[in-house]
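The first residue in the sequence is number 1, and the count goes up from there.
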Amino acid sequence: MSMLQIFLKELEQEAITTRKMLSRIPDGKYDWKPHEKSMTMQNLSTHIAELPTWVPMVLNTTELDFATAPYEPKKIDNTKDLMTFFEQCLIEGRTALQQGNEERLNDMWTLRNGAQVYSTDSKADVIRMTFSQIIHHRAQLGVYLRLLDVPIPGSYGPSADDNQFN
């Protein structure tokens, strides 16, 4: 199995859990955040939903420079639109992996803000980090949902809210 096939399999597996988590966000809570330093539910959830689009960005570019391409989060304030957005982003990620060039995975990719370089890693490493970011931010979302008393779906097995534990 090629690295691109491995990444595609992982993207599909993580999409199942991500879909379950995003679908639990209550409408009317998109401006909520658990702490003044935290992202709003809107910013966190749309960031999670958009992360699959980092796959084609990484595969098709050599860098992301926030100085020339400032980040502008998509404004979504309901779960129906969030789920539609996630599915569109997932298609972009999936398509890029299906059409990607295996040899280009060793090419270097840089994340920067002008002269300040945050990281330079192989494209394969950045794609792997992207999947880790999905998991990381999804865990944050789980805390947000817990604090709102929303049942948490299982990720890699049942959660405390799944029926077999109640």
Side-chain angles (χ1 to χ4, degrees), residues 3-4 6-15 17-19 21-25 27 29-145 147 155:
M3 279 301 295
L4 288 170
I6 291 169
F7 285 149
L8 181 59
K9 181 180 178 185
E10 185 172 3
L11 179 68
E12 298 294 354
Q13 289 172 331
E14 292 304 328
T17 304
T18 302
R19 194 176 286 116
M21 291 291 286
L22 292 175
S23 72
R24 301 276 174 110
I25 299 171
D27 287 340
K29 295 294 183 182
Y30 280 78
D31 290 331
W32 185 85
K33 60 183 182 177
H35 187 273
E36 67 184 48
K37 292 182 180 179
S38 299
M39 287 187 272
T40 64
M41 181 77 78
Q42 179 183 60
N43 287 345
L44 178 61
S45 63
T46 55
H47 182 54
I48 294 166
E50 76 187 356
L51 276 166
T53 65
W54 276 60
V55 173
M57 178 182 59
V58 170
L59 288 175
N60 297 316
T61 66
T62 59
E63 71 175 16
L64 172 58
D65 185 349
F66 290 117
T68 59
Y71 177 69
E72 302 220 6
K74 187 166 179 74
K75 300 292 183 197
I76 295 176
D77 61 4
N78 68 79
T79 303
K80 180 178 181 282
D81 290 348
L82 178 67
M83 297 308 294
T84 299
F85 179 60
F86 173 65
E87 295 301 333
Q88 292 167 347
C89 294
L90 189 57
I91 288 169
E92 290 182 39
R94 182 185 299 126
T95 301
L97 290 170
Q98 291 167 338
Q99 298 174 355
N101 181 333
E102 188 80 17
E103 291 81 39
R104 306 275 327 265
L105 289 175
N106 291 320
D107 293 353
M108 300 308 281
W109 192 86
T110 301
L111 181 63
R112 70 172 61 241
N113 187 5
Q116 182 179 13
V117 174
Y118 298 124
S119 64
T120 298
D121 297 291
S122 73
K123 290 183 177 204
D125 287 342
V126 177
I127 291 170
R128 185 71 205 98
M129 182 272 306
T130 298
F131 294 162
S132 295
Q133 284 290 302
I134 293 169
I135 296 163
H136 163 76
H137 288 304
R138 199 174 63 209
Q140 286 181 295
L141 177 59
V143 172
Y144 281 39
L145 294 174
L147 292 171
S155 293

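The shortest distance between side-chain heavy atoms of Leu141 and Leu22 falls below 4.5 Å. With contacts defined as side-chain heavy-atom distances shorter than 4.5 Å, the pair Leu59/Leu105 qualifies.
In this view, Gln88 satisfies the side-chain hydrogen bond (donor to acceptor under 3.5 Å, both in side chains) rule with no residue, not counting sequence neighbours. Taking Gln13 as the reference, nothing meets the side-chain hydrogen bond (donor to acceptor under 3.5 Å, both in side chains) condition, with sequence neighbours excluded. Residues passing the side-chain contact (heavy atoms from CB on, under 4.5 Å) test with Ala67, sequence neighbours excluded: Asp65, Asn113. Under the rule for a ring-ring contact (aromatic ring centres under 6.0 Å, His included), the partners of Phe131 that lie at least two apart in sequence or sit in another chain are Phe7. For Tyr144, there are no side-chain hydrogen bond (donor to acceptor under 3.5 Å, both in side chains) partners two or more places apart in sequence or in a different chain. Residues satisfying the ring-ring contact (aromatic ring centres under 6.0 Å, His included) test with Phe86, not counting sequence neighbours, are none. Scanning for side-chain hydrogen bond (donor to acceptor under 3.5 Å, both in side chains) contacts around Thr120 gives Thr110, with sequence neighbours left out. Scored by the salt bridge (Lys or Arg N to Asp or Glu O under 4.0 Å) test, Asp81 finds no partners at all (sequence neighbours excluded).
The two residues Asp27 and Asn78 come nearest to each other via the heavy atoms OD1-CA, 3.2 Å. Across Met39 and Pro34, no two heavy atoms sit closer than the pair O-CD, 4.3 Å. Contact detail for Pro52 and Cys89: the closest heavy-atom pair is CB-O, 3.4 Å. Shortest non-hydrogen contact noted between Arg104 and Asp107 is NE-OD2, 2.7 Å. A pairwise comparison of heavy atoms in Gly93 and Leu11 identifies C-CD2, 3.8 Å as the closest pair.
Screening residues 30-39 for side-chain hydrogen bond (donor to acceptor under 3.5 Å, both in side chains) gives Tyr30-Thr79 as the qualifying pairs, with residues at least two apart or on separate chains. The stretch residues 43-62 participates, sequence neighbours left out, in these side-chain hydrogen bond (donor to acceptor under 3.5 Å, both in side chains) pairs: His47-Glu50, Glu50-Tyr71, Thr61-Trp109. Each salt bridge (Lys or Arg N to Asp or Glu O under 4.0 Å) pair with one or both residues in residues 111-132, not counting sequence neighbours, appears once here: Glu10-Arg128, Glu63-Arg112. Residue pairs satisfying the salt bridge (Lys or Arg N to Asp or Glu O under 4.0 Å) criterion with at least one member in residues 88-102, sequence neighbours excluded, are listed as follows: Glu12-Arg94.
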Apply side-chain contact (heavy atoms from CB on, under 4.5 Å) to residues Ile48 and Met21 and explain how you reach the verdict.
CA-CA 10 Å; Ile48 294 166; Met21 291 291 286; over 6 Å; no
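Between the CE atom in Met83 and the CG atom in Leu90 there is a gap of 10.0 Å [rounded to 0.5 Å]. In this structure, CE in Met129 is found 10.0 Å from CD1 in Ile134, a value given to the nearest 0.5 Å. Going from atom CE of Met57 over to atom CD1 of Ile127 covers 10.0 Å, rounded to the nearest 0.5 Å.
Using a 3.5 Å distance cut-off with no hydrogens or angles, the side chains of Gln140 and His137 do pair a donor with an acceptor.
Listed for the Arg138 side chain is no donor-acceptor partner under 3.5 Å among the backbone atoms of Ser155.
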